[in-house]
Amino acid sequence: ARHRFIGPVSARRKRRLLAAARCVVIPSLVPETSSLVAIEALASGTPVVAHPAGALAGIVDHGRTGFLVHDEAEMADAIAQAPGIDPAACRAAARERYAGARMSGEYLETYRRLASGGGRSSTLGLEAEPA
């Protein structure tokens, strides 16, 4: 397989590249609170291969929208299996979870609950300050 670093690309080219990719590999072990890269990949119909660190464990549905792996050998196997993931399932998961109106509504509900002293939010993992 040939590999080539292409550097920064325009939004239009990024969409084309993501949609044409076999998968997006996120090898980071850092427990990020979100992964726009993974969400953009899914929205493009591209499966994600990543370690189950931080938010990635909740973004990738193992076997449905990509693979969650624990070491390099599993990552290599997952990359080989990625073409078996249905691009439509990836796009559907992105639409279902990350649609703007749905996410905005959940954030507003979380903020209302926190502002009213309603306690911990299961959606965002935030806790209300003690009164």
Side-chain angles (χ1 to χ4, degrees):
R2 296 179 317 187
H3 305 289
R4 177 173 53 106
F5 178 74
I6 58 172
V9 296
S10 68
R12 182 177 177 185
R13 185 158 185 220
K14 179 171 65 170
R15 284 191 299 271
R16 286 196 323 261
L17 287 168
L18 280 173
R22 172 187 295 182
C23 65
V24 168
V25 178
I26 304 175
S28 176
L29 296 172
V30 176
E32 301 287 344
T33 57
S34 179
S35 178
L36 188 56
V37 170
I39 294 167
E40 287 179 331
L42 295 179
S44 298
T46 303
V48 175
V49 175
H51 293 281
L56 288 165
I59 293 172
V60 178
D61 286 337
H62 184 77
R64 182 174 172 259
T65 63
F67 298 98
L68 296 169
V69 300
H70 296 93
D71 58 35
E72 294 82 8
E74 286 184 11
M75 186 168 281
D77 289 342
I79 292 168
Q81 293 177 37
I85 298 289
D86 181 7
C90 295
R91 286 188 292 272
R95 270 193 311 273
E96 178 183 307
R97 293 186 198 143
Y98 306 108
R102 185 185 97 21
M103 286 185 68
S104 297
E106 285 185 12
Y107 275 104
L108 289 172
E109 178 55 34
T110 297
Y111 298 148
R112 278 189 211 96
R113 187 171 40 254
L114 292 171
S116 69
R120 184 174 172 86
S121 165
S122 61
T123 303
L124 298 177
L126 301 173
E127 293 186 33
E129 292 292 321

Q: Calculate, to the nearest 0.5 Å, the distance between atoms CG and CZ belonging to L42 and R97 respectively.
A: 7.0 Å
(Q) Please enumerate all residues that pass side chain to side chain donor-acceptor pair (under 3.5 Å) together with R64, with sequence neighbours excluded. (A) D61
Q. With a 4.5 Å limit on heavy-atom distance, are the side chains of V60 and I26 in contact?
A. no
Q) So how far is it from H70 NE2 to L29 CG, rounded to the nearest 0.5 Å? A) 10.5 Å
Q. Is there side-chain contact between V48 and I59, with at least one heavy-atom pair below 4.5 Å?
A. no
Q. Is the backbone of L18 close enough, under 3.5 Å, to the side chain of T46 for a donor and an acceptor to pair up by distance?
A. yes
Q) Under a 4.5 Å side-chain heavy-atom rule over Ile, Leu, Val, Met, Phe, Trp and Tyr, are V37 and Y98 clustered together? A) yes
Q: Search all heavy atoms of H51 against all heavy atoms of D71 and return the closest pair with its distance.
A: CE1-N, 4.1 Å
Q: Could you pull out the closest heavy-atom pair between P52 and A57, with the gap in Å?
A: O-CB, 3.9 Å
Q: Examine V9 and I39 and state if one hydrophobic cluster contains both, with Ile, Leu, Val, Met, Phe, Trp and Tyr joined whenever side-chain heavy atoms are less than 4.5 Å apart.
A: no
Q: Using side-chain contact (heavy atoms from CB on, under 4.5 Å) as the criterion, list what pairs up with A78, not counting sequence neighbours.
A: V49, F67, V69
Q | Residue pair C23 / I79, side-chain heavy-atom distance below 4.5 Å | A | yes
Q: Could you tell me the separation between the CZ atom of R15 and the OG atom of S10, rounded to the nearest 0.5 Å?
A: 7.5 Å
Q: Would you name the heavy atoms of A82 and P47 that are closest together and state the gap between them?
A: O-CG, 3.7 Å
**Q.** Nearest-0.5 Å distance, CD1 of residue I85 to CZ of residue R22
**A.** 13.0 Å
Q. E109: what forms a salt bridge (charged side-chain N to carboxylate O under 4.0 Å, His left out) with it, not counting sequence neighbours?
A. R112, R113
Q: Indicate the atoms forming the closest heavy-atom contact of A53 with S28, along with that distance.
A: CB-O, 4.4 Å
